[in-house]
Protein chains: 2
Amino acid sequence: MDELRQELKIRGYRLTSQREAVLRAIYEGACTQSVEEIHERAKQWLPSLGLTTVYRTLELLKHARKVQEIYLGDGKVRYEPILETHHHHLICQVCGKVEPVEGCFLSPFEGATLVRNGFQILGHRLELYGRCRDCQEG
Amino acid sequence: MDELRQELKIRGYRLTSQREAVLRAIYEGACTQSVEEIHERAKQWLPSLGLTTVYRTLELLKHARKVQEIYLGDGKVRYEPILETHHHHLICQVCGKVEPVEGCFLSPFEGATLVRNGFQILGHRLELYGRCRDCQEG
DNA sequence: AAACCTATTGAAAATAATTTTCATATATCA
DNA sequence: TGATATATGAAAATTATTTTCAATAGGTTT
Ligand SMILES: [Mn+2]
Ligand SMILES: [Mn+2]
Ligand SMILES: [Zn+2]
Ligand SMILES: [Zn+2]
């Protein structure tokens, strides 16, 4: 959180109660929350918080690399905090459940910067699709 | 294409010129096209084609596993054909260019069905983020 | 080939998510 | 504290996608 304060100062941004509330909501919430969910959670701490400000703050936090977007196929973008622990997601194609899975299947990528096709690879995103325990039959 | 004809008949769907045009547009187009782009391309063959029908056909083709969705972070969903060759994408974080990269970095996944956390893993999606040749400096 | 039935289509209207506008409020710094 | 530029909330605007509905056209049966 102090780290955020630094980030903001460097960029000439201000530290507001709204930004703190949104950040806290993201960190205390589930693995992937919709904007609406983040808004609801953040209003716990700051009931007057507007939805527009949540959108704006998410954009800011995205640039500051505090959150990342994830799209699960329904029409809305979701967000989750960028934590120390790199992880991926198991997504159930039947019920839509999302579960984080620790660790990385792409061993050559951990830490290192790779080059391929002239691309300098800086990060990656992996989603695993299937059926969760509850949705398996036969 | 004949395969599609079978698929449709089995499900009681009809083979229309609209559906043929959309499918052709997807197969002849780039790796990831927006709905608008698919519409434009398909109108080459069928100028009267409506955008609504493109949306409906994409939904149908998704269920028939002929196309898959991909979300690149701008507000619109993109589509690409599901081809024989499994591949992933290099996405430039600066200019937004998308380039397919053949082959799979997840060796244990090719073909096999894996189980993890009780999940039965049936497929996956991997996107690699970085900077393309043109956008690298310093 | 004509009739029949139902799935499909296109245009327009409706929705839903996200962005923009603008007047007001407030964080930061001298 | 006061000056000032950034940030905020509400409402309006925009954009992507879905729904509605009357008209059209596959596919099948006579
Ligand atoms: Mn997660
Ligand atoms: Mn592709
Ligand atoms: Zn990984
Ligand atoms: Zn792969």
S.K.: Could you tell me the separation between the CG atom of L49(A) and the C1' atom of dT26(C), rounded to a whole number of Å?
M.R.: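 After rounding, the reported distance stands at 15 Å.
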
S.K.: If we count only N and O atoms by modelled type, under 3.5 Å, do the side chains of E69(A) and Y79(A) hold a donor and an acceptor together?
M.R.: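 Yes - a donor-acceptor pair under 3.5 Å links their side chains.
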
S.K.: Could you check whether the rings of H124(A) and H88(A) sit parallel, tilted or perpendicular, using 30° and 60° as the cut-offs?
M.R.: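 Tilted, since the angle between the ring planes falls between 30° and 60°.
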
S.K.: Find the distance Q6(B):CD to dG27(D):C1' and express it as a whole number of Å.
M.R.: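 It works out to 15 Å between those atoms.
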
S.K.: Could you tell me the separation between the CD atom of E7(B) and the P atom of dA7(C), rounded to a whole number of Å?
M.R.: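 In whole Å, dA7(C) P lies 19 Å from E7(B) CD.
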
S.K.: H39(A) has an atom NE2; how far is it from atom C1' of dA16(C), in whole Å?
M.R.: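 Checked: the NE2 to C1' distance equals 16 Å.
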
S.K.: Would you mind reporting whether R11(B) and H63(B) have side-chain heavy atoms less than 4.5 Å apart?
M.R.: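 Heavy-atom side-chain distance check passes, below 4.5 Å.
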
S.K.: Please state how far atom CZ in R19(B) lies from atom C1' in dT8(C), giving the value in whole angstrom units.
M.R.: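 That distance rounds to 6 Å.
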
S.K.: For the pair made of CD in E59(A) and C1' in dT20(C), what is the distance, rounded to whole Å?
M.R.: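 One finds 14 Å between C1' of dT20(C) and CD of E59(A), rounded.
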
S.K.: Does T16(A) place a side-chain N or O at less than 4.0 Å from the phosphate oxygens OP1/OP2 of dA27(C)?
M.R.: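 No, no such contact exists.
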
S.K.: Expressed as a whole number of angstroms, how long is the span from L60(B):CG to dT17(D):P?
M.R.: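 In whole Å, dT17(D) P lies 17 Å from L60(B) CG.
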
S.K.: Check whether any side-chain nitrogen or oxygen of Q18(B) sits under 4.0 Å from OP1 or OP2 of dG26(D), and answer yes or no.
M.R.: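 Answer is no, no contact under 4.0 Å.
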
S.K.: Using heavy atoms to find the nearest nucleotide of DNA chain C for Y71(B) and Y13(B) separately, return the residue whose nucleotide is more 5′.
M.R.: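 Whichever sits nearer the 5' end wins; that is Y13(B).
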
S.K.: If you go through the side-chain atoms of R56(A), does one of them form a donor-acceptor pair with the base of dG9(D) closer than 3.5 Å?
M.R.: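 Under the 3.5 Å cut-off, the side chain and the base do form a donor-acceptor pair.
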
S.K.: Taking 4.0 Å as the cut-off, does a side-chain nitrogen or oxygen of Y55(A) come that near to OP1 or OP2 on dT19(C)?
M.R.: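 Negative; the distance criterion is not met.
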
S.K.: Could you state the interatomic distance from CG (L51(B)) to NZ (K43(B)), rounded to the nearest 0.5 Å?
M.R.: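 Output value for this atom pair is 8.5 Å.
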
S.K.: Where the side chain of V35(A) is defined as all heavy atoms beyond and including C-beta, which of dA16(D), dT18(C), dG10(C) is the nearest nucleotide?
M.R.: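 Minimum distance to the V35(A) side chain belongs to dT18(C).
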
S.K.: Return the nearest nucleotide to the side chain of T52(B); candidates are dT19(C), dA12(C), dT9(C).
M.R.: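 Within the option list, the nearest is dA12(C).
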
S.K.: Can you check the L23(B) CG to dT8(C) C1' distance for me, whole Å?
M.R.: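 Checked: the CG to C1' distance equals 17 Å.
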
S.K.: If you find the nucleotide of DNA chain D closest to L51(A) and the one closest to S17(B), which residue's nucleotide is nearer the 5' end?
M.R.: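 Of the two residues, L51(A) wins.
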
S.K.: Do R14(A) side-chain and dT6(D) base share a donor-acceptor contact under 3.5 Å?
M.R.: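 Per atom types, the contact qualifies.
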
S.K.: Does V77(A) belong to the same Ile/Leu/Val/Met/Phe/Trp/Tyr cluster as L23(A), with side-chain heavy atoms less than 4.5 Å apart forming each link?
M.R.: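 In one cluster: yes.
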
S.K.: Of all the nucleotides listed (dG10(C), dT20(C), dT28(C)), which has the minimum atom distance to the side chain of L15(A)?
M.R.: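 The listed nucleotide nearest to L15(A)'s side chain is dT28(C).
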
